[in-house]
Amino acid sequence: MTLAPPTPTAPRAGARSAAGLRATARILARTDAHGTTRLPVLDGDGPFALRRLRAHGNHAEVCVVGAMSAPLGGDLLAVEATAEAGSTLRLTAAAATVALPGRTGEPARYDVRLTVGDGARLDWLPEPLISAAGSDLRMTTTVELAPTARLVLREEQVLGRSGEETGALRSRLTVRRAGRTLLDQETAYGPGVPGWDTPAVLGGHRAVGQLLLIGPEYEAQPAEVWLLGAAAGERSDGGAGQGVLAPLAGPGALATAVAPDALRLRRLLDEAALCDTAAGCSARDACRTTRRRPVRSPRRGRPGAAGPRSGDQAGAGAAR
């Protein structure tokens, strides 16, 4: 008797395959009849372990914990978060994300998609993304905002772990408000990108980041321009880094900064939150450096993944 060959099946989401990992985390925030934000959808997958944190007031807070090393070359990862009308959602991470080389020559992709409804607020505050030597990561962050939505978004990138060269990192941030583009920028660093490490771009620094603040309050009181760190002229660089906070062509403000490492970069972005008077205490509270106990989960190894090295700025889990 002749047996028919088995029908090939596609790898399930979150499963390893020769082509890489496929995983998507989904978060949905919605207010109940009492105005408290609930989380009817909290779906972790693959390297994304989602932990609901105890929140004060009517908002909800979720911490993303890395369950395995990711992204590696060939991985396709995504985070989808929606704050429906009137809700308040704060998203943080337990550790940095380290982009690592994989067994294939394909780049990894990491897509973050955020949607914020009318009267809602979303804080996207992950830990830094570290581009390890030999890695190749393409990252996109896409934000859709309703006319009265509020957004606090922090993005930090560290080029190379301690004592090593950087990998290839390409990142795009697109923000649309009421269907119109408010911000669309793309950056590229590492091998194959001309001039990225020259004085005209990073000036020898290896940490770059930005803080984006958007809300209807900026329509009545546009943000002022503030120089940060050494750019303020009050002190020499001395390795502290520098940056600027400037208004957008719309209801928002953007701070950009460069620094020698992740710690000094965070200080500059925290300084920007203190300078911004339009956003007020809400921005300062959202961007404060948290010091809560780390959230831990078992970490599963992956074939072909380089392990953590001594001197890394942070852990090697997926944090976005």
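Values below: all heavy atoms of this structure, side chains included; hydrogens, waters and symmetry mates excluded.
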Open item on the list: Ignoring hydrogens, what is the shortest heavy-atom contact between Asp75 and Ala70? Give both atom names and the distance.
Closed with: OD2-CB, 4.1 Å
- [ ] Please identify each residue that fulfils salt bridge (charged side-chain N to carboxylate O under 4.0 Å, His left out) with Arg52, with sequence neighbours left out.
- [x] none
Task: Co-membership, hydrophobic cluster, residues Val244 and Leu265, 4.5 Å side-chain - done: no
Open item on the list: Membership question, hydrophobic clusters at under 4.5 Å side-chain separation (ILVMFWY): are Met139 and Leu76 in the same one?
Closed with: no
Task: Side-chain heavy atoms of Asp123 within contact of Leu91, under 4.5 Å - done: no
- [ ] For residues Thr141 and Leu153, determine if any side-chain heavy atom of one lies less than 4.5 Å from a side-chain heavy atom of the other.
- [x] yes
Open item on the list: For a quick test of reading the model, state the closest non-hydrogen atom pair linking Leu21 to Pro47 and the distance between them.
Closed with: CD2-CD, 3.4 Å
Open item on the list: For Asn58, is there any backbone N or O sitting under 3.5 Å from a side-chain donor or acceptor partner on Thr37?
Closed with: yes
Task: Donor on one side chain, acceptor on other, Thr140 and Asp111, under 3.5 Å - done: yes
TODO: Identify the residue among Leu129, Asp197, Thr166 that makes a side-chain contact (heavy atoms from CB on, under 4.5 Å) with Leu159.
DONE: Thr166
Task: Minimum-distance pair of heavy atoms, taken over all atoms of Ala272 and Leu228 - done: CB-CD1, 3.8 Å
TODO: Identify, with sequence neighbours excluded, every residue that meets side-chain contact (heavy atoms from CB on, under 4.5 Å) alongside Arg267.
DONE: Leu263, Arg264
TODO: Could you pull out all residues at least two apart from Asp43 that satisfy side chain to side chain donor-acceptor pair (under 3.5 Å)?
DONE: none
Task: Cluster check Leu125, Leu213: I/L/V/M/F/W/Y, side chain < 4.5 angstrom - done: yes
Task: Residue pair Leu248 / Tyr218, side-chain heavy-atom distance below 4.5 Å - done: no
Task: Backbone of Thr181 reached by a side-chain donor or acceptor of Arg176 within 3.5 Å - done: no
Task: Chi angles and distances behind the side-chain contact (heavy atoms from CB on, under 4.5 Å) call for Val208, Trp196 - done: CA-CA 12 Å; Val208 57; Trp196 68 272; over 6 Å; no
Task: salt_bridge(Arg266, Glu127) N-O dist < 4.0 Å - done: yes
- [ ] State which residues pass side chain to side chain donor-acceptor pair (under 3.5 Å) with Thr82; sequence neighbours excluded, sorted by chain then number.
- [x] none
Open item on the list: Any non-hydrogen side-chain atom of Phe48 less than 4.5 Å from a side-chain atom of Leu77?
Closed with: yes
TODO: Flag the pair Ser69 / Val98 as yes when at least one side-chain heavy-atom distance between them is below 4.5 Å, and no otherwise.
DONE: no
Task: Side-chain heavy atoms of Leu39 within contact of Leu50, under 4.5 Å - done: no
- [ ] Using the rule that two of Ile, Leu, Val, Met, Phe, Trp, Tyr join whenever any of their side-chain heavy atoms come within less than 4.5 Å, decide whether Leu169 and Val201 are in one cluster.
- [x] yes
- [ ] Specify the closest pair of heavy atoms between Ala168 and Pro191, including all atoms of both residues, with the distance to one decimal.
- [x] N-CD, 3.9 Å
- [ ] Grab the two heavy atoms, one from Gly134 and one from Pro101, that are nearest each other, plus how far apart they are.
- [x] O-CB, 3.4 Å
TODO: Please examine the side chains of Arg150 and Pro216, heavy atoms only from C-beta on, and report whether any two atoms are closer than 4.5 Å.
DONE: yes
Open item on the list: Between Asp184 and Arg172, does any NZ, NE, NH1 or NH2 come within less than 4.0 Å of an OD or OE carboxylate oxygen?
Closed with: yes
Task: side chain to side chain donor-acceptor pair (under 3.5 Å) partners of Arg30, counting only residues at least two apart - done: Glu84
Task: Euclidean distance, Arg154 CZ relative to Leu211 CG, rounded to 0.5 Å - done: 8.0 Å
Task: Whether Thr148 side chain and Gly119 backbone form a donor-acceptor pair below 3.5 Å - done: yes
TODO: Identify whether Leu28 and Val112 are in the same connected component of the hydrophobic contact network (ILVMFWY, side-chain heavy atoms under 4.5 Å).
DONE: no
Open item on the list: Tell me every residue that passes side chain to side chain donor-acceptor pair (under 3.5 Å) with Glu165, counting only those two or more places apart in sequence or in another chain.
Closed with: none
Open item on the list: Run the side-chain contact (heavy atoms from CB on, under 4.5 Å) test on Val152 and Arg121 for me, step by step, so that the C-alpha distance in whole Å, both residues' side-chain angles and the decisive distance to 0.1 Å come before the verdict.
Closed with: CA-CA 8 Å; Val152 177; Arg121 169 173 169 163; 3.7 Å; yes
Open item on the list: What verdict does the side-chain contact (heavy atoms from CB on, under 4.5 Å) test give for Glu155 and Leu212, after you've listed the backbone C-alpha separation in whole Å, the side-chain angles of each residue and the deciding distance to 0.1 Å?
Closed with: CA-CA 9 Å; Glu155 184 178 74; Leu212 177 62; over 6 Å; no
TODO: Spell out, as yes or no, whether a donor-acceptor pair under 3.5 Å connects the side chain of Thr142 to the backbone of Thr174.
DONE: no
Task: Minimum heavy-atom distance Gly250-Leu182, with the two atoms named - done: CA-CD1, 3.6 Å
- [ ] State, yes or no, whether a side-chain contact exists between Leu245 and Glu271 at a heavy-atom distance under 4.5 Å.
- [x] no
- [ ] Apply side-chain contact (heavy atoms from CB on, under 4.5 Å) to the pair Gln185 and Leu183, showing each step before the final yes or no.
- [x] CA-CA 7 Å; Gln185 67 176 27; Leu183 178 66; 4.2 Å; yes
